[in-house]
Amino acid sequence: VTVRGRKAKLAAAAALVILFAVRHDVWWWSDATLVMGMPIGLASQVLICLLAMPAFAWAAEAFGLEDEQ
Amino acid sequence: VTLAIALLSLAAVLGAGLAARRLGGRDEFFLAGRSIGPLFLLLTLFGTHMTSFALLGAAAESYRKGIGVFAMMASSSALVVPLVFLVVGVPLWRIARREGHVTPIGWLRSRFRSERFALAMVAASTALLIPYLLVGLIGAGVTLQQASGGRWPEAAGSFLVAAVIAVYVTAGGMRSTVTANALQTLFFTALGGVAVVIVLQHDGGLAATMQKLVATRPELATREGLGVLEVATWAFVPLSAAAFPHLALHWMAARSAASFRLPMVAYPALITLVWVPSVLLGLVAALELPGLTGPATNGVLVALLARHAGAWLAGLLFAGVLAAVMSSLDSQALSLGALFTHDVIRRRGGELDEARQMHLGRIGVVLVLLVTWLISLLHPVGIFRLGSWAFAGFAALAPIYIAGLHWRRASRTGAWAALGVTVVAWLVLFFGGHDAVTSARIHPAAVLTILSTLALIVGSLLRPDPQP
């Protein structure tokens, strides 16, 4: 693993850890404010799912899945 | 109309499965020639992993507890399952391709160099998978009974579904299973979106419906009904994907490591597409059909759709539920057939030629479905509770796979310790500590996984494997 490769892997892993931590958004636990037509507690979770897509694309690249046949 | 749509969907799946079959040897039958590309890998993995709970159960939970069900069950899967593909699926695919393994247990046997451990893992995986199969088959029987307005007995419906699965899985093995799953996944994923658009249009749109919810049932628009620890410990449940033999068989059927990229990236999107409509429809049902309690809440989605769109949409919903049930059942039956052939019969009875392996695999699939159907006739008490606990058992087996792939010092003793602790702790908690765990609002998957991880580490450090 090159230094650059290791850094990319760590950065992708860090992005996923942050998303996982933010998933426990206790600050909106009792908040019923509507955002984009949905309660904020649901809208925020949907946003986390959508942000997971580029994070996993990054992880797939960092771990070299694209090149391996 | 309702029954006709449901039966038509069965015929379509059967036709697709049979049309896809190809002649070939052992690897073609069990692993589709290790040739599954990204799109089909995504659709079959998602269809195999999602059950009818994502449609009916999610709406019922949302009706009872509100939006929190999405955080508890869906967003955790969206983050954990693609990670499992990367951490377990890709390395397992690499080793299976290099060493020629057909089942995940075959790799465990070679990794921990123990025939007995492999057999014990077959026994544990089968014991945990049978309740899961039972829940699906009983659900299919109930669905066809409802679709026929009560004219079809539940046993006839479940037998028909088991027979359809048996025909296409034995005819075309993994390739037929993957093709049928792809069709089923596309269908039940689109269904939720269509249903929620129709219902919300009728009610004045999403914003107006949610404003009404906040005004009349504000507790459902927040997560106040759930504990923070409850949501956190539910995140251990999707770890079970690491130890599901039916998912592992699909990973091993992938064409390349690059084939895993699309499933990893698109999985969170598919989770959102299926779960958000179910959760929203559950909330709408809470506004329109208030006061339901107990098992009656399980039918809120059917009742809501019948109210808004009549028989045809209810028929499509029944077909969607059947698709979600069958896309898991077929893969589970094929994986148990593969374990039966490669990890029990073949190991005990010596080398078999490829034709005989495929023949035994087919017998295994039919036996699994037949035995499951016969047990389903007894309607075992507490089977649904057992089904949900099966996930906890699989989650506790996940550390064995993860450590086996990534920790060189993971030893046979450590693997045995993790398996032993899982079995004992599962039995103790299921029979003796169920109330304590549920009243503490902790999912048993968290307790079991932490205990099995500790056992694996301690066992491996205390008794490393001898150097070869």
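In what follows, every chain begins at residue 1, and chains take the letters A, B, ... in the order their sequences are listed. On a predicted model such as this, the values are computed, not experimentally measured, just so you know.
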Give, as side chain, backbone, both or neither, the part of [X] having an atom under 4.5 angstrom from any heavy atom of chain B.
| X | answer |
| --- | --- |
| Val46(A) | both |
| Leu42(A) | both |
| Trp58(A) | neither |
| Leu16(A) | side chain |

Quick check on [X] against chain A: is it the side chain, the backbone, both or neither that has a heavy atom closer than 4.5 Å?
| X | value |
| --- | --- |
| Leu83(B) | both |
| Val69(B) | neither |
| Leu86(B) | side chain |
| Ser76(B) | both |
| Glu219(B) | neither |
| Val214(B) | side chain |

So which of [options] has the biggest tally of heavy-atom pairs under 4.5 Å with chain B?
| options | result |
| --- | --- |
| Ala52(A), Ser44(A), Cys49(A) | Cys49(A) |
| Leu19(A), Thr33(A), Asp25(A) | Asp25(A) |
| Ser30(A), Ala55(A), Ala60(A), Ala59(A) | Ser30(A) |

Would you check if Leu45(B) and Trp251(B) make a side-chain contact, meaning some heavy-atom pair closer than 4.5 Å?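 Contact flag for Leu45(B)/Trp251(B) side chains = yes.
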Min side-chain heavy-atom separation Phe236(B)-Phe391(B) under 4.5 Å: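 Heavy-atom side-chain distance check fails, nothing below 4.5 Å.
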Is it the case that the side chain of Glu230(B) and the backbone of His443(B) share a donor-acceptor pair, with hydrogens and angles ignored and the cut-off at 3.5 Å?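 Side chain of Glu230(B) to backbone of His443(B): no pair is present.
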Kindly give the heavy-atom pair with the smallest separation between [X] and [Y], and that separation in Å.
| X | Y | value |
| --- | --- | --- |
| Leu34(A) | Met210(B) | CD2-CB, 3.8 Å |
| Ala269(B) | Met53(A) | CB-SD, 3.6 Å |
| Arg64(B) | Leu220(B) | O-CD2, 3.9 Å |

When the ring planes of His49(B) and Tyr267(B) are compared, do they come out parallel, tilted or perpendicular, using 30° and 60° as the limits?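 Answer is tilted, since the angle falls between 30° and 60°.
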Side chain to side chain contact (heavy atoms under 4.5 Å, CB included) with Val199(B): which of Leu280(B), Val194(B), Thr209(B), Leu281(B)?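 Among the candidates, only Leu281(B) passes.
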What's the spacing between Leu191(B) CG and Leu55(B) CG if we round to 0.5 Å?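 With rounding to 0.5 Å, CG (Leu191(B)) is 6.5 Å from CG (Leu55(B)).
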Max heavy-atom pair count under 4.5 Å with chain A, selected residue of Val80(B), Leu213(B), Leu226(B):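 Among Val80(B), Leu213(B), Leu226(B), the one with the most close pairs to chain A is Leu226(B).
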Who wins among Ala221(B), Ala207(B), Gly66(B), Ala266(B) for the most heavy-atom pairs under 4.5 Å with chain A?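 Of the candidates given, the most pairs with chain A belong to Ala221(B).
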Listing, residues 270-279 of chain B side-chain donor-acceptor contacts under 3.5 Å, not counting sequence neighbours, or none:
{"residue": "Thr272(B)", "atom": "OG1", "partner": "Pro268(B)", "partner atom": "O", "Å": "2.7"}
{"residue": "Ser278(B)", "atom": "OG", "partner": "Ala54(B)", "partner atom": "O", "Å": "2.8"}
{"residue": "Ser278(B)", "atom": "OG", "partner": "Val274(B)", "partner atom": "O", "Å": "3.2"}

